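Here's the structure, in structure tokens; my notes come after.
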Amino acid sequence: MTMPFSQACENNKQPILEVLKTAFSNLDTVLEVGSGTGQHAVYMAEHLPHLVWQPSDQALYLEGVKARCHDYAGGNLNVPVELDVTQPLWRVDAVDGIFTANTLHIMSWMMVEDFFKGVGRTLSAQGKLCVYGPFNYNGQFTSESNQVFDGYLRQRNPDSGIRDFEVINQLAENLGLYLVTDHEMPANNRLLEWERRL
Ligand SMILES: C[S@@+](CC[C@H](N)C(=O)[O-])C[C@H]1O[C@@H](n2cnc3c(N)ncnc32)[C@H](O)[C@@H]1O
């Protein structure tokens with residue numbers, strides 16, 4: 001099959017890695033939700049060899065993720081698994097880290113809530129959650145380009161759109177997740193890093 005490719009992933013993987021190096025430094029296993037092209041999975045597994053990285057995605061994207069991960073020679077990248085956040089039971093082992101990039105603005109709000117329910121079931125007591133993407137603050141876009149992007153998303157699918165940081169943070173806090181750092185990232189993106197304290 002044709003290998004899926006995202007130029008945005010190529011651009012953001014290094015800045016994301018720089019944050020995860022510290023955020024995930026004490027972890028063993030990380031579940032990635034919505035791996036997409038698999039580029040982040042391969043890059044993070046390669047550069048964070050202390051971690052076992054578990055890629056996942058919906059059935060529609062899974063073959064592409066598998067194709068990308070197939071050629072990785074290291075032993076710390078698991079075979080990608082099918083995971084739709086709406087599944088009442090995620091068929092994955094408990095993990096001490098969860099990562100997702102550019103997914104919450106694609107999912108419907110119900111799916112976003114399901115994502116956090118799944119995180120609550122899957123993440124260990126002292127685990128870390130890292131979410132990368134664009135967010136609004138105090139109901140405001142952080143840039144004109146994000147506003148244009150949001151318009152494009154909503155035209156394509158009215159259930160999608162850039163999420164409010166404050167509402168997302170509340171969903172996280174409901175699970176005992178406390179914001180460690182809201183990292184500013186290139187191209188008006190953020191990387192939100194939470195730690196679970198149960
Ligand atoms: C814009 S792509 C981002 C892919 C990749 N993480 C990246 O940063 O390039 C959005 C991803 O969200 C995933 N996604 C959307 N709805 C989902 C759901 N209900 N369950 C799991 N993943 C979902 C898609 O399958 C896709 O991989």
Side-chain angles (χ1 to χ4, degrees), residues 1-20 23-24 30-48 53-69 72 77-92 95 97-123 129-135 145-146 148-163 168 171 183 185-193:
M1 77 172 294
T2 326
M3 196 83 84
F5 176 81
S6 153
Q7 186 56 50
C9 268
E10 285 306 296
N11 300 344
N12 62 33
K13 65 185 187 181
Q14 176 64 28
I16 291 175
L17 173 66
E18 288 309 317
V19 173
L20 298 190
F24 287 170
V30 170
L31 168 68
E32 181 184 10
V33 174
S35 296
T37 64
Q39 284 160 268
H40 286 146
V42 170
Y43 194 72
M44 301 311 157
E46 191 181 348
H47 291 87
L48 301 170
W53 194 274
Q54 175 63 68
S56 76
D57 212 322
Q58 303 176 97
L60 183 66
Y61 290 77
L62 196 60
E63 289 314 307
V65 185
K66 280 185 176 169
R68 165 89 43 198
C69 295
Y72 177 71
L77 184 59
N78 285 352
V79 175
V81 292
E82 183 181 341
L83 192 159
D84 186 312
V85 296
T86 61
Q87 290 164 346
L89 197 70
W90 292 3
R91 287 193 198 85
V92 287
V95 286
I98 294 181
F99 169 75
T100 195
N102 291 316
T103 51
L104 300 192
H105 59 272
I106 301 294
M107 294 175 187
S108 67
W109 182 248
M110 221 176 67
M111 289 176 189
V112 172
E113 291 183 315
D114 284 341
F115 167 75
F116 276 93
K117 283 180 201 158
V119 168
R121 295 190 301 267
T122 311
L123 192 64
L129 169 66
C130 284
V131 175
Y132 172 88
F135 290 94
S145 61
N146 277 5
V148 171
F149 182 49
D150 182 72
Y152 158 79
L153 289 170
R154 288 177 193 276
Q155 195 183 26
R156 216 180 48 160
N157 176 359
D159 292 334
S160 64
I162 295 181
R163 307 298 172 193
I168 294 293
L171 289 180
H183 301 267
M185 304 297 281
N188 305 301
N189 286 297
R190 317 293 301 186
L191 198 156
L192 306 176
E193 176 189 348

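This one's a predicted model, so the numbers in the text were calculated from it and none came from an experiment. Numbering of ligands and ligand atoms starts at 1, following listing order.
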Can you name the atoms of ligand 1, numbered from 1 with element, that are less than 4.0 Å from a heavy atom of [X]?
X: T103; answer: 11 (C), 12 (O)
X: N102; answer: 1 (C), 2 (S), 3 (C), 8 (O), 10 (C)
X: D57; answer: 13 (C), 22 (N), 24 (C), 25 (O), 26 (C), 27 (O)
X: G36; answer: 4 (C), 27 (O)
X: M111; answer: 19 (N)

Q: Identify the heavy atoms of L153 and G161 that sit nearest to each other, and give their distance.
A: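 The pair with the smallest heavy-atom distance is CD1-CA, 4.1 Å.
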Q. Which heavy atom of V65 sits nearest a heavy atom of G38, and at what distance?
A.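 V65 and G38 have their closest heavy atoms at CG1-CA, 4.1 Å.
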Q: Pick one of side chain, backbone, both or neither for how H40 approaches ligand 1, counting any non-hydrogen atom pair under 4.0 Å.
A: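 Near ligand 1, H40 shows its side chain, while the N, CA, C and O stay back.
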(Q) Heavy-atom pairs closer than 4.0 Å: do any link ligand 1 to the side chain of A8, the backbone, both, or neither? (A)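 Neither part.
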Q: Report the nearest protein non-hydrogen atom to atom 15 (C) of ligand 1: residue, atom name, distance rounded to 0.1 Å.
A: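 For atom 15 (C) of ligand 1, the nearest protein heavy atom comes out as Q58 NE2, 3.4 Å.
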Q. What protein heavy atom is closest to atom 7 (C) of ligand 1, reported as residue, atom name and distance in Å?
A.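 So the nearest neighbour among protein heavy atoms is C9 SG, 3.7 Å.
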Short N/O distance, under 3.5 Å, between [X] and ligand 1?
X: V85; value: yes
X: G34; value: yes
X: A101; value: yes

Q. Is T37 near ligand 1, meaning one of its heavy atoms is under 4.0 Å from it?
A.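 No, T37 has no heavy atoms under 4.0 Å from ligand 1.
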Q. Can a donor-acceptor pair be found between the side chains of H105 and D150 at a distance below 3.5 Å?
A.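 Judged by distance alone, the side chains do not pair up.
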(Q) With a 3.5 Å distance limit and no angle check, can you tell me whether D57 reaches the backbone of S35 through a side-chain donor-acceptor pair? (A)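 Side chain of D57 to backbone of S35, a donor-acceptor pair under 3.5 Å: yes, one is there.
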Q.
Is it the case that the side chain of R163 and the backbone of I168 share a donor-acceptor pair, with hydrogens and angles ignored and the cut-off at 3.5 Å?
A.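 No; judged by distance alone, with no hydrogens or angles, the pair does not exist.
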Q: Apply side chain to side chain donor-acceptor pair (under 3.5 Å) to N11 and list each qualifying residue two or more places apart in sequence or on a separate chain.
A: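 Here the qualifying residues are Q7.
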Q) What distance do D159 atom CG and M107 atom CE have between them, rounded to the nearest 0.5 Å? A)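 D159 CG to M107 CE: 13.0 Å, rounded to 0.5 Å.
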Q: Count the heavy atoms belonging to other residues, nucleotides or ligands that lie under 6.0 Å from OH of Y152, then report whether that count exceeds 12.
A: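 No, OH of Y152 has 12 or fewer neighbouring heavy atoms, counting only those of other groups under 6.0 Å.
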Q | Option of least heavy-atom distance to atom 19 (N) of ligand 1 (set: D84, I16, N12) | A |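 Residue with the shortest heavy-atom distance to the ligand atom: D84.
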Q | Step-by-step side-chain contact (heavy atoms from CB on, under 4.5 Å) determination, N188 to S145 | A | CA-CA 8 Å; N188 305 301; S145 61; 3.4 Å; yes
